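Everything below concerns the one structure shown next.
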Protein chains: 4
Amino acid sequence: MDYQQLIEEVYREVQEENLRGKVADYIPEIGNVDPNQFGIALVDLKGNVYGVGDHQIPFSIQSISKVHTLTMVFNVFNTKLWSRVNVEPSGDPFNSIAQLEYEKGIPRNPFINAGALVITDALCSKFENPIDQITDFINELSGATCVKINPEVQSSEKNHGERNTALAYFLKSFKNFNNPIDQVLEVYFSQCAMEMSCVDLAKSFSFLANDGYSIFANRQILSESSARRINALMLTCGFYDEAGEFAYRVGLPGKSGVGGGVAAVMPHKFSIAVWSPELNEKGNSVKAIRALELLTDKLSFSLF
Amino acid sequence: MDYQQLIEEVYREVQEENLRGKVADYIPEIGNVDPNQFGIALVDLKGNVYGVGDHQIPFSIQSISKVHTLTMVFNVFNTKLWSRVNVEPSGDPFNSIAQLEYEKGIPRNPFINAGALVITDALCSKFENPIDQITDFINELSGATCVKINPEVQSSEKNHGERNTALAYFLKSFKNFNNPIDQVLEVYFSQCAMEMSCVDLAKSFSFLANDGYSIFANRQILSESSARRINALMLTCGFYDEAGEFAYRVGLPGKSGVGGGVAAVMPHKFSIAVWSPELNEKGNSVKAIRALELLTDKLSFSLF
Amino acid sequence: MDYQQLIEEVYREVQEENLRGKVADYIPEIGNVDPNQFGIALVDLKGNVYGVGDHQIPFSIQSISKVHTLTMVFNVFNTKLWSRVNVEPSGDPFNSIAQLEYEKGIPRNPFINAGALVITDALCSKFENPIDQITDFINELSGATCVKINPEVQSSEKNHGERNTALAYFLKSFKNFNNPIDQVLEVYFSQCAMEMSCVDLAKSFSFLANDGYSIFANRQILSESSARRINALMLTCGFYDEAGEFAYRVGLPGKSGVGGGVAAVMPHKFSIAVWSPELNEKGNSVKAIRALELLTDKLSFSLF
Amino acid sequence: MDYQQLIEEVYREVQEENLRGKVADYIPEIGNVDPNQFGIALVDLKGNVYGVGDHQIPFSIQSISKVHTLTMVFNVFNTKLWSRVNVEPSGDPFNSIAQLEYEKGIPRNPFINAGALVITDALCSKFENPIDQITDFINELSGATCVKINPEVQSSEKNHGERNTALAYFLKSFKNFNNPIDQVLEVYFSQCAMEMSCVDLAKSFSFLANDGYSIFANRQILSESSARRINALMLTCGFYDEAGEFAYRVGLPGKSGVGGGVAAVMPHKFSIAVWSPELNEKGNSVKAIRALELLTDKLSFSLF
């Protein structure tokens, strides 16, 4: 399989289709990126990296970081964690508070905002300097000092963070929040503001394609079984209320972010990151999703 | 891989755990089965059949038939169908009507009752004698004249069918229902009342493990891509509001029924049917789910 | 108080304001009425009738008949009834089925469709010929043979009745429905199709302004306390999801219908019926509501 | 009418019925009151005060203060206010956040917590020292320096205020909140912690029975029309999700608080305050509601 040729083909075809969406504009720092950027990076199990387009330009990974933070607490909190957050797909938007009320403070899954806040809260219980720890961990996974926290994005997330703050207080009212809210939100907004390129992002997901072993970190990050479970979670919950559509059309476990990035894995084959800022109405990158659909069609394999 | 030894081991371990649930009792005919029955049948890609326990006793497949009916219209209605029914997981119970109201008459997916009614309605538009067609189709997939419609169950489903009737009228009020309601419900209650053994059920799912080709029917049932999509749908939506949990713990595409059956596939490896009548509170067979979890653990492979 | 002068003033002022809405169009028979019709009739406690505009033209009273049917079963079923239907206002639209699901088959109040179906079901348990009984009862209240069932409207309601049929089956699935669904719906669609003029409608509500005694029927229809309770119900639940707005702006107990009619009472003073077909987006007659608001302003009394 | 004899009779009969409920326990300071306390005070239009039982003991008025704060901004913000908060009854509990999400940040009415927070926010925009202003205003209405803020209750409300804080941040995310959240919550928790006796509370509601004129403040507090509108609001929204039941059984505009108090008015007759700490499951005082029901039965008049 010539992966380089494959992703170049996909890249070209997607560009020709000229699909359009809308750059996220809930904060100006995200809204001002060049909407035409588009990059793909694929990393195979041996650590070979293939790239095309804007694959080396850092972008705001946003919610994709929820996979990294989940991984960090998965090991230690495994059993306990699942009493605080569920593993079921959510029919509601990623920042819905209604569902949290109906389900008495237990978020549907760790990838909607409420669930990710519980994860970050658990992280703050585990680590003294959680922001440094997250950065170090992702750097380790990528085999490079690649993660930068964009201070303007971080600060802007905070200034527009009323809804996430409401979620945090709501979780606390159900006693599903242990650390000071301000402190956890500081970490949360920092992880959302992390920037890295498609190449580094694909590398950081490599262990999930490889039964939990990272060729870049050179160690077993999670047990095989835990890595598989994170993949299952990404497949059922990784794309907001479009997870079913993505599984149906693409069939790979993955996670998207409002910055326009998508990271995904084909277990035992490769990890991949695609980025293009324009989003569909469900908040997922139009070009990234199309690229992954074309890619699995051409490969004629998916999970299924 | 010695599948016979594997399923016997799984069978024995599950029996030893002595897990209990509650037989479905919404109709007496289902409530009166012997709760201790438990069978497993596995069919590999060559058509070899492995079985243990009550794997040859016919049971009420109930909602598992929704996979067969979806397959029957998938080919023809492919594109059109997805304007009438969505492919997203549902957070609500399988017979919820509230979600249907919020989403203006478009069911969440083809495996919740509202969605399955749309599928059966499409089937009634396509075939003159839909009940015979369903029976013939499943027989063909199983390579045997195995399907029986239990007339007591059929008639009891009908007599307790107010909620499904409400769903049908509600769909019609949104113009998402084309045939006479009584006629479609007749078919729907018949497909729910179909009985077959684990062996025949596993055979009937074999094409989904085999890129759409049925070794028993000796023909391509669906295109490779369509078969993969049905698998994706089963993974995200096949277990009511426990789909995420099943994906997380087991990681195979599958479909359960309130009769206590579960049919699942490991793509490119095998199809499998497990049956035991006692259900957990989400309506899935306690022993069947545990058996599949043990099986994937022992095989140490799942989709992911 | 010169009521004739008062309602003429109100009539003139409303006409000058030239408010517009939209005639209900869910069935053609209702959609085809002349939208410019507008009439007011007021009946004082002595039985004097005052009228202006199209106050003698019969129109489709639709949901206003729910007050009459509730009155018919109130007496007998008083206590039992309130285990089958609640008395709380509903935040949802009049024909919502979601709320019925959340509240396990107990409708919010007797004036939303689900609740009115329970009332009509109770009526069918009580009377052998319920349609005749309703007609006779309203005629008696009005002191005139005035009620006509429009057969085209009745039949069209039935042909577009999927949502109400869904509600009925849904109620039955919760065991909150005792009679054959077809039979109850026949009665329900007939009561919706009743036609009478503002004058007769205002007379039929007179007993509610008069502590339960009808000057036209010449008998006590309900006890003082029961009549007061129906008024309380109309105030909190009589205007779909605009009940609070009506209480706030007008302050009289009343009931509206999608035919554009509103019947209301000022306890110990008068009953009143106003009719004009164009509706606001909540389904209440634009001119009728404005007329009642002006009237209570001019009288400078409301309930409060 | 001998009001003193009347309320004594009511008091005695309620005591004999020995109804039990449960003292609110969301904060210890409220949970520790003597549950057997029970008092009634009635104030007629001339300012005569009638009392029985614990009518002179100050208690925590809690949500009843929402009527006072609404009155304070009603005058000035009248029109604008209703673009920020609705006047419809809510089917959901008083502190629900789901409804706020569905209705995009516009609270259902000013008496649920979200709506009351908008009112307090408006108050903070209007006054420099809002807590003093509220205290002074209620004192003026009562003709006495009677209001005390219990510092333990205030501080405990704050320490258990996560849900209200979540509501405030959620309102802010919809841009329906103008002042710093901490500052508004400080005022909000203070108004909840106000204590006064039944006598003083009944006096403070007197203007609502008297077309907006307070005999104790010796001035017109609100226009006749505005006073009537607040009464309408209390009738449809004053008792959480039991407003319909209260209107149905009692038929007076009123407002309850979790401290066990209820203040109500019979327009053009009297205002009344009843207090007893044990609550029913909807959060309203068991004895206070029963007392008001008996009272209107005996008087044989209600609004209706």
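This one's a predicted model, so the numbers in the text were calculated from it and none came from an experiment. Convention: sequence-line order gives letters A, B, ...; per-chain numbering from 1.
Taking CZ of B/Phe304 as the reference point, atom CG of A/Leu233 lies at 9.0 Å (rounded to 0.5 Å). The OG atom of A/Ser90 sits 10.0 Å away from atom CD of B/Glu88, with the distance rounded to the nearest 0.5 Å.
Ring-plane geometry between B/Tyr248 and A/Phe74 is classed as tilted, the angle between the planes lying from 30 to 60 degrees on a 0 to 90 degree scale.
Considering all non-hydrogen atoms of both residues, A/Pro267 and B/Leu303 come closest at CG-O, 4.0 Å. Contact record, A/Ala232 with B/Ala247: CB-O, 3.3 Å, taken as the closest heavy-atom pair.
Other residues, nucleotides and ligands contribute at most 12 non-hydrogen atoms within 6.0 Å of the NZ atom of A/Lys269.
Using a 4.5 Å cut-off between heavy atoms, A/Arg108 contacts chain B through its side chain alone, with no backbone atom that close. Neither the backbone nor the side chain of A/Asn109 comes within less than 4.5 Å of any heavy atom in chain B.
Of all the listed residues (B/Leu252, B/Thr236, B/Leu235, B/Thr296), the one sharing the greatest number of non-hydrogen pairs under 4.5 Å with chain A is B/Leu235. Ranked by heavy-atom pairs under 4.5 Å with chain B, the list A/Ala243, A/Gly251, A/Pro253 is led by A/Ala243.
No side-chain donor-acceptor contact under 3.5 Å links B/Glu245 to the backbone of A/Val87.
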